[in-house]
K.L.:
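This is the structure I want to talk about, given as structure tokens.
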Amino acid sequence: FPSGSRSILRDISSSDNVVKPDYAVDLNITNFDSVLRDTPATFAIVEFFAHWCPACRNYKPHYEKVARLFNGPDAVHPGIVLMARVDCASKINNKLCDRFSISHYPMLFWGPPSKFVAGGWEPKEEKSEIRVIDDGRTAEHLLNWINKQLGSSYHLDDQKFENEHLPSNVSDPGQIARAVYDVEEATTIAFDIIFEHKMIKSETRASLIKFLQLLVAHHPSKRCRKGSAEVLVSFDDLCPPNEKLEALSNGKDMLGNFQICGKDVPRGYWMFCRGSKNDTRGFSCGLWVLLHSLSVRIEDGESQFAFTTICDFIHNFFICEECRQHFYKMCSSVDRPFDSSRDFVLWLWSAHNKVNERLMKEEASLGTDDPKFPKIIWPPRQLCSSCYLSDDQRDDGTSRVAWNKDEVYSFLTNYYGKTLASLYKEKGVLLSEVTDGAIEDLVASTNAVVVPVGAALAIALASCAFGALACYWRSQQKSRKPRRKPELR
Ligand SMILES: Cc1cc2nc3c(=O)[nH]c(=O)nc-3n(C[C@H](O)[C@H](O)[C@H](O)COP(=O)(O)OP(=O)(O)OC[C@H]3O[C@@H](n4cnc5c(N)ncnc54)[C@H](O)[C@@H]3O)c2cc1C
């Protein structure tokens, strides 16, 4: 299994499993490169062992104790270290174990996951970023070794949402780089909710198509762009129109089985959007980040389309009633069409701040806030001091900020644009069935028909775009191998 795949989520969380599955991810020659390439973790530890080796069998509980902290949806500290193992006694792994010059069992390596991909290790290689872990003989020793590398103080007894070393330093703009994985998580969950709650109806169908178009063109994750394009092209088959919608409400929806951001998502955990409590942040934080990251990627000519698409999507598909009503009110109060992406980016930012301002008081009085992530008027000075012209503190503790909008816009485009995508590994995401070129062409063809007109026309155009996109896609496919069926969960 790839780390954090749905099957792992299910296996680990299922209480009636007689044998508890391992936390460490089993790798072999067929999945080694792909799992290490796609993991959001910053570091990886790979244990090379042999299943017949008694010392390895005795070591396994130690390795598992540490892997519990870092792997899977119940990880205490997710997305930091991927812990994996390779059985060198299994013949298919011979070449893989040779690549790492395995001289004894168990042998542990540490390094950035990307360095393991198609890589290896040799004893005399001095500059390798892959290092042998020389003192990991017990769980305590291994965790100490890890703590030394990370400057952390993780403990074997750490529990999820307790003793948490959350990165709550709001002044670190680099933290948004981890959010690209949350944006994938939020996208997948949004679609899961839409299908589970049977929200695709004849009157909401066009709104979903428009949103998919936006995702195909501007989602910061290539995996999600690819998945959205596949859904869009097969939308009629996956989600039959009109009279056939009945079938959907009977639970026969194919679209609900489609994994829009690839087979490893949802991973079951949040990184940038992780709350310090189980029930705070998460999905709604991920959804905001998705919306902001879409807004900074659109062109001027698409701004009105993006605005109506996002407003309609939240109105039709965000299952929090208060949120959709409140957001819709803000959408409805816009009195003229957007003709620049800057205006739309700033509108969304300001709308989000209005929600923050409202929730600031509400959460504090009800005690429902996340103590590590209180609502604030955003961005704080620590993140963008040049965004502030002045900041008048009022008696009631609130403040009225005079913003430098040019600086805010420049900050937002950089934060949700370049920085958000800076960690993202997208090499090799597109498999043989679709080439990069085809996706870029799809994106271009989607953009070409998205023009800044009123909502009704935009919906009509969305259908045209869909038709054109489908035609284009099919003509592209003719010269290729037969397309694989969409992967089902
Ligand atoms: C469209 C929408 C409407 C919502 N309406 C409501 C509502 O009416 N009532 C309710 O109780 N909850 C509402 N929510 C949920 C609420 O806004 C938060 O998402 C939730 O409380 C989690 O908060 P959080 O601390 O993770 O930060 P969020 O508010 O979710 O923000 C996520 C991240 O975005 C960044 N950010 C914060 N403010 C801004 C900004 N102004 N511009 C750009 N980036 C920013 C910060 O890095 C922050 O950590 C809504 C969510 C969405 C997506």
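Counting starts at 1 for both ligands and their atoms, following the listed order. FYI, side chains are in, hydrogens and waters are out, and symmetry mates aren't considered; it's all heavy atoms of this structure.
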K.L.:
Relative to ligand 1, is V355 under 4.0 angstrom through side chain, backbone, both or neither, heavy atoms considered?
P.N.:
side chain
K.L.:
Does the ring centre of W349 sit less than 6.0 Å away from the ring centre of W378?
P.N.:
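No, ring centres 6.0 Å or more apart.
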K.L.:
If you apply the rule ring pair (Phe, Tyr, Trp, His ring centres under 6.0 Å), what do you find for F272 with Y181, and how did you get there?
P.N.:
CA-CA 8 Å; F272 174 82; Y181 297 101; over 10 Å; no
K.L.:
Please check whether E362 reaches ligand 1 - meaning an N/O of the residue sits under 3.5 Å from an N/O of the ligand, judged on distance alone.
P.N.:
no
K.L.:
H292 vs W288 aromatic rings, parallel, tilted or perpendicular, using cut-offs 30° and 60°?
P.N.:
parallel
K.L.:
Looking only at non-hydrogen atoms, which of R274, H315, E322 approaches atom 9 (N) of ligand 1 most closely?
P.N.:
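Among R274, H315, E322, the closest heavy atom to atom 9 (N) of ligand 1 belongs to E322.
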K.L.:
So, D38 and R223, do they make that salt bridge, N to O below 4.0 Å?
P.N.:
yes
K.L.:
To check your reading of the model: name the closest protein heavy atom to atom 41 (N) of ligand 1, its residue, and the distance in Å.
P.N.:
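Protein heavy atom at minimum distance: W349 O, 2.9 Å.
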K.L.:
Which of the atoms of ligand 1 are close to H326, meaning less than 4.0 Å from one of its heavy atoms?
P.N.:
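Every atom of ligand 1 under 4.0 Å from some heavy atom of H326: 8 (O).
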K.L.:
Among protein heavy atoms, which sits nearest to atom 12 (N) of ligand 1, and what does the distance come to when rounded to 0.1 Å?
P.N.:
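Going atom by atom, the protein heavy atom closest to atom 12 (N) of ligand 1 ends up being L359 CD1, 3.5 Å.
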K.L.:
Whether E322 and R358 form a salt bridge (side-chain N of Lys/Arg under 4.0 Å from carboxylate O of Asp/Glu) is what I want to check.
P.N.:
yes
K.L.:
Under a 4.0 Å threshold between the charged nitrogen and the carboxylate oxygen, would R68 count as salt-bridged to E64?
P.N.:
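So E64 does not pair with R68 through a salt bridge.
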K.L.:
Please test E184 against S221 for side-chain hydrogen bond (donor to acceptor under 3.5 Å, both in side chains), starting from the C-alpha separation and ending with a verdict.
P.N.:
CA-CA 7 Å; E184 291 184 333; S221 149; 2.7 Å; yes
K.L.:
Should R358 be listed as contacting ligand 1, given a heavy-atom distance under 4.0 Å as the test?
P.N.:
yes
K.L.:
Does a side-chain N-to-carboxylate-O contact under 4.0 Å join R342 and D406?
P.N.:
yes
K.L.:
Any idea which part of L348 is under 4.0 Å from ligand 1, heavy-atom wise: side chain, backbone, both or neither?
P.N.:
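Neither; nothing of L348 gets under 4.0 Å from ligand 1.
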K.L.:
Indicate whether any N or O donor in one side chain lies under 3.5 Å from an N or O acceptor in the other, for D300 and S340.
P.N.:
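Absent: no donor and acceptor within the cut-off.
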K.L.:
For ligand 1, does R324 get within less than 4.0 Å through its side chain, its backbone, both, or neither, judged by non-hydrogen atoms?
P.N.:
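No part of R324 comes within reach of ligand 1.
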K.L.:
Could E362 and K375 be called an ion pair, given the rule that one side-chain N must be under 4.0 Å from one carboxylate O?
P.N.:
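Looking at K375 together with E362, the answer is no, because their closest N to O distance does not fall below 4.0 Å.
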K.L.:
Among all protein heavy atoms, pick out the one at the shortest distance from atom 6 (C) of ligand 1; state its residue, atom name and that distance to 0.1 Å.
P.N.:
C323 SG, 3.1 Å
K.L.:
Quick one: nearest non-hydrogen protein atom to atom 51 (C) of ligand 1, plus distance?
P.N.:
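I find the closest protein heavy atom is W288 NE1, 3.2 Å.
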K.L.:
Could you see which bit of H292 sits under 4.0 Å from ligand 1, with heavy atoms only: side chain, backbone, both or neither?
P.N.:
side chain
K.L.:
Out of all atoms in ligand 1, which are within 4.0 Å of some heavy atom of Y416? Include the element for each.
P.N.:
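Per the distance check, 34 (O), 35 (C), 36 (N), 43 (C), 44 (N), 45 (C).
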K.L.:
Side chain or backbone of D370 under 4.0 Å from ligand 1, or both, or neither, by non-hydrogen atoms?
P.N.:
neither
K.L.:
Tell me the contacting part of F327 for ligand 1: side chain, backbone, both, or neither, using a 4.0 Å heavy-atom threshold, strictly below.
P.N.:
side chain
K.L.:
Would you tell me which option among P380, S284, A179 has the nearest heavy-atom contact to atom 18 (C) of ligand 1?
P.N.:
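Checking each option, the heavy atom nearest atom 18 (C) of ligand 1 is found in S284.
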K.L.:
Return the residue, atom name and 0.1 Å-rounded distance of the protein heavy atom closest to atom 46 (C) of ligand 1.
P.N.:
W378 NE1, 3.4 Å
K.L.:
Atoms of ligand 1 less than 4.0 Å from E363 heavy atoms?
P.N.:
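Under 4.0 Å from E363, ligand 1 has these atoms: 21 (O).
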K.L.:
Measuring from atom CZ of F70 to atom CG of L143, what distance do you get when rounded to the nearest 0.5 angstrom?
P.N.:
5.5 Å
K.L.:
Has the side chain of N414 got a donor or acceptor atom that lies under 3.5 Å from a matching backbone atom of F411?
P.N.:
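Checking the backbone N and O of F411 against the side chain of N414, no donor-acceptor pair under 3.5 Å is found.
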K.L.:
How far is atom 39 (C) of ligand 1 from the closest protein heavy atom, and which atom is that?
P.N.:
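Sorting protein heavy atoms by distance from atom 39 (C) of ligand 1 puts H352 ND1, 3.2 Å first.
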K.L.:
Starting from atom 23 (O) of ligand 1, find the nearest protein heavy-atom neighbour and note its residue, name and distance.
P.N.:
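Residue, atom and distance for the closest contact: K375 NZ, 3.0 Å.
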K.L.:
Would the distance check show the side chain of D343 and the main-chain N or O of F338 forming a donor-acceptor pair, the cut-off being under 3.5 Å?
P.N.:
no
K.L.:
How far is atom 38 (N) of ligand 1 from the closest protein heavy atom, and which atom is that?
P.N.:
N356 ND2, 2.9 Å
